[in-house]
Protein chains: 4
Amino acid sequence: MGAAKSKRVPRAVRERQMMDAAVRTFARRGYRAASMDEIAELAGVSKPLVYLYLNSKEELFSAVIRREAAALVTAVTAAVEKDAAADRQLWCGLTGFFAHTAEHPEGWAVLHQQARTHGEPFAIEVAAMRAEIVRFVAGLIGAAAKEAGCAGELADREVAGLAHALVGAAESLAEWANTCAADGTSTLGVIGERERPTAKDAAGTLMNFAWAGLGRLMHGERWTPA
Amino acid sequence: MGAAKSKRVPRAVRERQMMDAAVRTFARRGYRAASMDEIAELAGVSKPLVYLYLNSKEELFSAVIRREAAALVTAVTAAVEKDAAADRQLWCGLTGFFAHTAEHPEGWAVLHQQARTHGEPFAIEVAAMRAEIVRFVAGLIGAAAKEAGCAGELADREVAGLAHALVGAAESLAEWANTCAADGTSTLGVIGERERPTAKDAAGTLMNFAWAGLGRLMHGERWTPA
Amino acid sequence: MGAAKSKRVPRAVRERQMMDAAVRTFARRGYRAASMDEIAELAGVSKPLVYLYLNSKEELFSAVIRREAAALVTAVTAAVEKDAAADRQLWCGLTGFFAHTAEHPEGWAVLHQQARTHGEPFAIEVAAMRAEIVRFVAGLIGAAAKEAGCAGELADREVAGLAHALVGAAESLAEWANTCAADGTSTLGVIGERERPTAKDAAGTLMNFAWAGLGRLMHGERWTPA
Amino acid sequence: MGAAKSKRVPRAVRERQMMDAAVRTFARRGYRAASMDEIAELAGVSKPLVYLYLNSKEELFSAVIRREAAALVTAVTAAVEKDAAADRQLWCGLTGFFAHTAEHPEGWAVLHQQARTHGEPFAIEVAAMRAEIVRFVAGLIGAAAKEAGCAGELADREVAGLAHALVGAAESLAEWANTCAADGTSTLGVIGERERPTAKDAAGTLMNFAWAGLGRLMHGERWTPA
DNA sequence: TATGAATGAGGCTTCATTCAT
DNA sequence: CATGAATGAAGCCTCATTCAT
């Protein structure tokens, strides 16, 4: 299983191997159910070495979260074209987001499902990353409003709420996509759609879903129950 | 502790007490970290009685999920006005959803955070409930399209994607609202807004966010990257 | 080994069995080297039961110390004749002390060797017991001085030092006696004397050693280096 | 950390550094709780080097005991004036003993507290040292008896018991003194006196306590319970 | 002379689960 | 209907010790 049994590996490499194994295991089993034994075996090392390098299950999880969060933020940031129009930037970011979560489903699972479920010490790290992204999106919405010459129509608070909803929808779509994609053994895919959307499809769906609506909002057209 | 020590209680009542305790405990600690000891104590009974009535931790969790899922579906279903217009129906459903998740945050936490995080046996039950809701929403979108006389503009697949995004956004908002509402000690609420939105506010935000965009879509106005 | 396998024993009894096993094991191996496994086996129960009743190794050790300290103080206290002369009281106390430590060598070993060696939480309990005894002895010395009509000759501080030395000598003799008495396998007994002194012998030795000297001190005869 | 990292140090020096670190660590933590890691770090070397030079934890501890025991015996021996009167010799020896234990509290702690607590292999080495000292003291008592012209009054066995008690009292005083001297944070010092006695004070206390009594004994005056 | 890399073994603790009453 | 007594299995973590350089 784990890597071919190669002895005497430099620390940095071993640490990466261990964290890879940890991401996988935490994603598959959840924080509590994942055992250090399993992680060590998957990494192809003995348990004491994991402790020597990463100190404890908690610190290991924390390190994993930080690494995956940084990778995600980097991917999204790198995907946007800096000087494009706001809608273009948002589309780029979403595409980057969906592409990254599709390529690293286990990292995304750890961030989205596990970290938020297991108490403050971890949730805070994820919340910080999420807040960064929400701020970025809110900035784009605000910029778009200005570009459209209707800054006054949207209160800051409203912009924040919309950004939150957008990010939430994106997260939800990403998880849904990954659930569909799981190998054929999963019974979950059976319910609902089957084919996994590409990153561009997902981004397009979301842009259509939201951006168009934002356009109306910016022109003061609001939906009201009555 | 838990309930006042009253002996000789009929089975149905005892079972409800146990499941209430279980919901609370699972929501607070997560599936793995919740101990049968804690659940039994919180329910005010001895552990063997829990096993006598609910057989095992797994079955107990399963029963909890089914109960909470049914309650949520019932609440949402009951909230819609059967013969109203599609947008009105959607708004009603969303309002009912946000109201129920706000009144039963622990049930919602178990459904949304715990059940999906802990392997197939449980996730399937939640996925089924979610699929039911998604179908309902998709039906509304389709109906709205028909009402607007533009059925042909939206492919079924597109409708399903939009329904998914809408449900995802709603779930995200619901969780966010509950996180805000947690007692002041939570550091998570600090990031982003502070005041918890009412159910109607949340539903309105989402309708504005999505419905308006849907309107455009139905008229064939699509957003494209180029 | 451990007691004949008797199931379903009331808690109080089981707790005593466990503590007996613990005293034995701690005395034999020392606090750190004693394993909960060994204690449980010696007590004839499973390890979880030990934890259920006594919570942790630390608490178990603490409980053992308290029990043994109380037993020793009780034994010494019970041995003195309340209204006798001071020297008689001291002799009685010493006899009781030597008799108790001889009958409970493992308890004494835990108090004298283990508890003082393993950090404050435990050492404090023993120090408290020891202080109680030292105060008692100091009181007797003071009383004797008064009886002899020479209260002024001995400063309080001097009395305390003497009491300390006397208690220390008694402890040392008790340990020495127990070391001698250890079964034939011990190589320690070979060095020095062989026959174990009786409690009365030991008390007599100490009275002769110290009391007679105190007599001189009380009359102002002091030893000086020059 | 420990010493400044100086490479290529001759073996003898390195060994001393290691044993110094070991004494300190064993005194602070106890034999079992002391880890080879901590010792190596405190010595400023890598763990394999410790094993290369000292083979195992057990041998290291043994070496430490031998070194400290030899140092103590040497100090006591060197302190006595060879041709002085017996009482003078005893006083000198006690003074030397208290001075040495005060200057090397960690070595004394290892000898007195740790070595005797951890099984035969180590206890024997300490017992041997102790026996040597006891014989020396017994010799002095015998000599004193002869000097006083009353050799017949004291049986050999009685002399041995008295020597034991005297040594025990001295040990007890030494430990008590070191306990007092520990930094102000120790709660143990609070019980009993506060100021640490000098070596000469301690020796004087003991001489007064014991020697005077011995004088009486030598003249046939015995204390009897009745 | 000296060390970074690595592990087998074992200890403390907890938990889901079952008897016997 | 209800429980006090009890345990097998497993998890986290640490340690003394060695290998290859």
Side-chain angles (χ1 to χ4, degrees), chain A residues 5-11 13-15 32-40 44-60, chain B residues 5-11 13-14 32-40 44-53 55-60, chain C residues 5-11 13-15 32-40 44-60, chain D residues 5-11 13-14 32-40 44-53 55-60:
Chain A
K5 211 169 194 177
S6 57
K7 302 240 161 181
R8 294 289 126 177
V9 171
R11 175 165 181 156
V13 176
R14 269 282 133 88
E15 275 188 356
R32 290 288 303 225
S35 86
M36 293 300 269
D37 267 304
E38 188 176 356
I39 292 172
V45 291
S46 70
K47 228 187 331 173
L49 200 58
V50 180
Y51 279 91
L52 189 60
Y53 287 172
L54 286 101
N55 300 321
S56 75
K57 194 183 187 182
E58 203 165 319
E59 276 189 45
L60 172 54
Chain B
K5 209 168 194 175
S6 55
K7 301 236 164 184
R8 304 283 132 177
V9 171
R11 172 157 184 160
V13 176
R14 269 280 133 91
R32 289 285 305 218
S35 85
M36 295 298 269
D37 268 302
E38 186 175 357
I39 293 172
V45 291
S46 72
K47 237 186 321 176
L49 200 58
V50 179
Y51 279 89
L52 188 63
Y53 286 174
N55 303 317
S56 75
K57 194 183 186 184
E58 203 165 318
E59 277 189 44
L60 171 54
Chain C
K5 211 168 193 178
S6 55
K7 302 241 160 182
R8 298 285 128 176
V9 170
R11 175 166 182 156
V13 176
R14 269 282 132 90
E15 276 188 355
R32 291 287 303 225
S35 86
M36 294 298 270
D37 267 303
E38 188 176 354
I39 293 172
V45 291
S46 70
K47 230 186 331 173
L49 200 58
V50 179
Y51 279 90
L52 189 61
Y53 287 172
L54 284 95
N55 302 321
S56 74
K57 195 182 187 183
E58 202 165 320
E59 275 190 46
L60 172 54
Chain D
K5 210 170 194 175
S6 55
K7 300 233 165 186
R8 305 280 133 177
V9 171
R11 174 159 182 159
V13 175
R14 270 281 134 91
R32 289 287 305 221
S35 85
M36 294 298 270
D37 267 304
E38 186 174 357
I39 292 172
V45 290
S46 71
K47 237 186 322 175
L49 201 58
V50 179
Y51 280 88
L52 187 63
Y53 286 174
N55 303 317
S56 75
K57 193 183 189 185
E58 203 164 319
E59 277 189 43
L60 171 54

Any [X] side-chain nitrogen or oxygen under 4.0 Å from OP1 or OP2 of [N]:
X	N	answer
C/Arg14	F/dA6	yes
D/Tyr51	F/dT17	yes
C/Arg32	F/dC15	no
A/Arg11	E/dA5	no

Pick one: which of A/Glu15, A/Glu59, A/Met36 meets side chain to side chain contact (heavy atoms under 4.5 Å, CB included) with A/Leu54?
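Option passing the side chain to side chain contact (heavy atoms under 4.5 Å, CB included) with A/Leu54: A/Glu15.
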Closest nucleotide among F/dC13, F/dT3, E/dA2 to the A/Ser56 side chain:
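My answer, after comparing the listed nucleotides, is F/dC13.
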Tell me which nucleotide among F/dC15, E/dA2, F/dT3 gets nearest to the side chain of B/Ser46.
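Between F/dC15, E/dA2, F/dT3, the one nearest the side chain of B/Ser46 would be F/dT3.
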Go through the N and O atoms of the side chain of C/Lys47 and the base of E/dT13, and report whether any donor-acceptor pair is under 3.5 Å.
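Under the 3.5 Å cut-off, the side chain and the base do form a donor-acceptor pair.
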Base, sugar-phosphate or nothing for B/Ala34? Non-hydrogen atoms, less than 4.0 Å.
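Here B/Ala34 touches the backbone only, sparing every base.
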Could you walk me through whether B/Val9 and B/Val45 satisfy the side chain to side chain contact (heavy atoms under 4.5 Å, CB included) test, starting with their C-alpha distance in whole Å, then the side-chain angles of each, then the deciding distance to 0.1 Å, before giving a yes or no?
CA-CA 11 Å; B/Val9 171; B/Val45 291; over 6 Å; no
Starting at [atom1] of [X] and ending at [atom2] of [N], how long is that distance when rounded to a whole Å?
X	N	atom1	atom2	value
C/Leu52	F/dT3	CG	P	16 Å
A/Asp37	F/dA10	CG	P	11 Å
D/Asn55	F/dT18	CG	C1'	13 Å
C/Leu54	E/dT13	CG	C1'	14 Å
A/Glu38	F/dA10	CD	C1'	13 Å

Please find the pair of heavy atoms, one from C/Ala40 and one from C/Ser46, that lie closest to each other, and give the distance.
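Smallest heavy-atom distance, with atoms named: CB-C, 4.0 Å.
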Rounded distance [0.5 Å steps], NZ in B/Lys57 versus OH in B/Tyr51
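Those atoms lie 8.0 Å apart.
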Approximate separation, where rounding is to 0.5 Å, of C/Ile39 CD1 and C/Lys47 NZ
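Reported value, rounded in 0.5 Å steps: 11.0 Å.
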Dot-bracket, DNA chain F: Watson-Crick or G-U, under 3.5 angstrom, [ ] crossing, | other strand?
.||||||||||||||||||||
Hey, which of these two, A/Ser35 or C/Tyr53, hits DNA chain F nearer its 5' end, going by closest nucleotide?
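It is C/Tyr53, whose closest nucleotide lies nearer the 5' terminus.
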Which residue lies more 5' along DNA chain F, comparing C/Leu49 with D/Lys57 via nearest heavy atoms
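Final value for this comparison: C/Leu49.
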With D/Glu58, which residues qualify under side-chain contact (heavy atoms from CB on, under 4.5 Å), at least two apart?
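Result, side-chain contact (heavy atoms from CB on, under 4.5 Å) vs D/Glu58: D/Tyr31, D/Ser56, D/Pro121, D/Phe122.
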